[in-house]
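Within every chain, numbering begins at 1; the chains are lettered A, B, ... in the order of the sequence lines, protein sequences first and strands thereafter.
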2 protein chains.
Amino acid sequence: MKSLSIKDIATKANVSITTVSFIINGKAKEKSISEAVIEKVEKIIKESGYKPNQIARSLRTGNSNIIGLMIEDISNSFFSRIARLIEDKAYKKGYKIIYSSTENNVDKAKELINMFKSRKVDAYIIAPTKGIEEDINQLLADNTPVILFDRNLPDVKTGYVGADHFHASYQSIESFIKQGKKKIALVTTDINVQQITERLEGYQKALEDHKIAYDENLVVKIHFNQDEAETMAQIKTLFQTQNIDAVLFATNYLAISGLKVLKEIDRKVGDDFDVIAYDDHEAFELHTPRISAVQQPLEEIAENVIKLVLSQLSKKTKAEQLEIIVPAKLIIRS
Amino acid sequence: MKSLSIKDIATKANVSITTVSFIINGKAKEKSISEAVIEKVEKIIKESGYKPNQIARSLRTGNSNIIGLMIEDISNSFFSRIARLIEDKAYKKGYKIIYSSTENNVDKAKELINMFKSRKVDAYIIAPTKGIEEDINQLLADNTPVILFDRNLPDVKTGYVGADHFHASYQSIESFIKQGKKKIALVTTDINVQQITERLEGYQKALEDHKIAYDENLVVKIHFNQDEAETMAQIKTLFQTQNIDAVLFATNYLAISGLKVLKEIDRKVGDDFDVIAYDDHEAFELHTPRISAVQQPLEEIAENVIKLVLSQLSKKTKAEQLEIIVPAKLIIRS
DNA sequence: TAGATTGCTTAAAACGTTTTACCAACTACC
DNA sequence: GGTAGTTGGTAAAACGTTTTAAGCAATCTA
């Protein structure tokens, strides 16, 4: 069964295609179509269940009402929760989302941008990887709105929304120090994005400000794409060879692996060994004892991302470089 | 900067649009285009970075290489993990995914189907809600492939992939009984989908087969869209008013709420009170003590879903009603 | 009364592809 | 030397919209 076209409606209503199009697009008044015709056509549209073909529409108008969302991995709860919020808000404004996981792989990311480009998405929301600066700048040069979130790229001048990672990390370490911790470890990843380096810098600065020497043996950088067993092995080595009394995990999945290790080696989190995780997770509240975590304000991030995107979509001007830094919150659980 | 069109390439290569199109679509041989021309055109395409406009292509061919994925909620880890796997596999076959969360809301689901329809998606993958049978049947009548997963709809005759919920539930209860449990509760939701009712039936049948009387006070149906505080209150009431010695949670988020309650009322999971969760979650392995769970084989589900979709896409025939039931696995942790 | 304005409507071009149908020039065959 | 087949290619229609420019009456203005 072929679906109806505007032509069928026009024939049925005995008016021209143009007239129907004007009515559909709410330009009836402006083009001074008579009430009688408007009503007749609207009735027919309603009765027939006609829906305009978005593809034809896109081809003609050049925009698709689709926003491309590129994240690292949709199965990571941080991203899936953000994605859900963004989807919700975009939907309310009539935009749909096409999403894809980049797996932090530059080639895949580039390919995705091409994909999105050929689908003529109206705007991009990207949690970027290093190495796609040029591709993004190309988009910006074409006047396509691009908003970055979670990680900023210094060489890309556009809107960005992210949490204050430096400060949150600093605070976490400071809270350890105030508890009297001396040998504080950091388990982080080797991906070279601002968001991650900031966490390291916060760690270093806090130590420095409290006159604790930085010891590189206490910082473990886990390779991004390796499997969990290997990650756990590395963390285990840290725990067993260094006499640490506190650890900050720079991502929630690292924290989960770390907690598994602790369980395995039967080391308890408590007064003499404390843990903070970056990015909260349901598991942390349920853990015994409960695990402290840095919470990013997901709702606020999503809200701002969409705000920036919509504002760029409405202006036709080049994207302005507007960085929105929202505070992250350290939740101390005990 | 306007992007290149096939016309620009044709002009540059001094051939017709048709020729370029044939080459792009790999029909050069078949249409007996000379090697020389093929090379020339391909070189120009490569150099210029030309990418065909998918929208125009879709308009002309009637298919979009997009698969619509409708799930309950992308921020639920079960769905986000499945989504990731499906995305991956679809991507490898050249298909992109547009996804949307239905929130188990019939109206939203219907609206989404319309949305997808007007975007001419090539196929649908749906974790359906009750009430959209007719809309789906409409799609099937138009010969559009639709594959259901996670929940089946009896009134829809099409491909379906899901786990054997009845059996997994039965097994879980049986394992309680073998431990000597007598008062076994079930915390489930009130959404009326096969997948959920099967879990209840498994519960009932296991009790019956082991001559334990069914007590409706031990079954709590939590309203789907309510907030967590209320859910926890209901579960708390169950725990405090009924003298139960085991509980099966029918979804992972219910189990998480339930575990929070246990923590709150300081009741320990252990020999005299056991818990099994349906759908595994990282939190369960980390919990002290570790929580047993029913694991659905995500990879296998995703694999089969994609297999069915692709098979439907290749045949032009009406969807065949093929139900693939994969076993779920009870992971006993202690 | 001529010209301008207003009210309602439409024909046709354009968006960037794919595909059908066709053409022209050779080659091969009997 | 006529016809059938092959090789290498193209013109133009079609997909379903939006939008520009214009047309025609009827009414108003001076």
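Straight-line distance from the CD1 atom of A/Ile23 to the P atom of D/dT18: 12 Å, rounded to whole Å. Per the geometry, CG belonging to A/Asn65 stands 14 Å off C1' belonging to D/dT17, to the nearest Å. One atom, CG of B/Asn53, and another, C1' of C/dA14, lie 13 Å apart when rounded to the nearest Å. If you take CD1 of A/Ile24 and C1' of D/dT17, they are 9 Å apart, rounded to a whole angstrom. Spacing between atom CG of B/Leu59 and atom C1' of C/dT19 amounts to 14 Å, rounded to whole angstrom units. Rounded to an integer number of Å, the gap from A/Ile55 CD1 to C/dT18 P is 14 Å. Atoms CZ (B/Arg57) and C1' (C/dC15) sit 16 Å apart, rounded to a whole Å. The nearest whole Å value for the distance from the NZ atom in A/Lys120 to the C1' atom in C/dG16 is 9 Å.
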Protein-nucleic acid N or O pairs under 3.5 Å, nucleotides 11-13 of chain D:
residue	atom	partner	partner atom	Å
D/dA11	N7	B/Thr18	OG1	3.3
D/dA11	N6	B/Thr18	OG1	3.0
D/dA12	N6	B/Thr18	OG1	3.3

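The closest donor-acceptor contact from the side chain of A/Asn25 to the backbone of A/Lys27 lies at 3.5 Å or more, if one exists at all.
Here the side chains of A/Asp135 and A/Leu139 are not in contact, with every heavy-atom distance at 4.5 Å or above. Two residues are said to be in side-chain contact when any heavy atoms from C-beta on lie closer than 4.5 Å; A/Leu308 and A/Val161 meet this criterion.
Take B/Lys89 and apply the salt bridge (charged side-chain N to carboxylate O under 4.0 Å, His left out) test, not counting sequence neighbours, and it matches B/Glu299, B/Glu303. Every residue meeting the side-chain hydrogen bond (donor to acceptor under 3.5 Å, both in side chains) condition with A/Lys307, not counting sequence neighbours, appears here in chain and number order: A/Asn304. Taking the side-chain hydrogen bond (donor to acceptor under 3.5 Å, both in side chains) definition, one finds that A/Glu111 meets it with B/Tyr91, sequence neighbours left out. Residues meeting the side-chain hydrogen bond (donor to acceptor under 3.5 Å, both in side chains) test with B/Asn152, sequence neighbours left out: B/Glu323. Checked against side chain to side chain contact (heavy atoms under 4.5 Å, CB included), A/Glu39 has the following partners two or more places apart in sequence or in another chain: A/Glu35. Checked against side-chain hydrogen bond (donor to acceptor under 3.5 Å, both in side chains), A/Glu30 has no partners two or more places apart in sequence or in another chain.
Within residues 37-52 of chain A, the residues having any heavy atom under 4.0 Å from DNA chain D are, by residue number, A/Tyr50, A/Pro52. Residues of residues 26-34 of chain A that place a heavy atom closer than 4.0 Å to DNA chain C, in numerical order, are A/Lys31, A/Ser32, A/Ile33, A/Ser34.
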Side-chain polar contacts of residues 112-119 of chain A - donor-acceptor pairs under 3.5 angstrom, sequence neighbours left out - could you list them?
residue	atom	partner	partner atom	Å
A/Ser118	OG	A/Asn114	O	3.4
A/Ser118	OG	A/Met115	O	3.0
A/Arg119	NH2	B/Ser64	O	2.9

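By the 4.0 Å N-to-carboxylate-O rule, A/Asp8 lies too far from A/Lys12 to be salt-bridged with it. Ion pairing of B/Glu133 with B/Lys157 is absent here, as no side-chain N (NZ or NE/NH1/NH2) approaches a carboxylate O to less than 4.0 Å.
Where the helix from C/dT1-D/dA30 to C/dC30-D/dG1 starts and where it ends, the local axes point in directions that differ by 60°; five pairs per end, rounded to 10°.
Ring-centre distance between B/Tyr99 and A/Tyr99: below the 6.0 Å cut-off.
Between B/Ser21 and C/dT18 there is a side-chain N or O to OP1 or OP2 distance below 4.0 Å. In terms of phosphate contacts, A/Asn25 brings a side-chain nitrogen or oxygen within less than 4.0 Å of OP1 or OP2 of D/dT18.
Pairs passing the ring pair (Phe, Tyr, Trp, His ring centres under 6.0 Å) check and including a residue from residues 36-87 of chain B, sequence neighbours excluded, do not occur.
Base engagement by B/Thr19 is indicated by at least one non-hydrogen atom pair under 4.0 Å involving a base atom.
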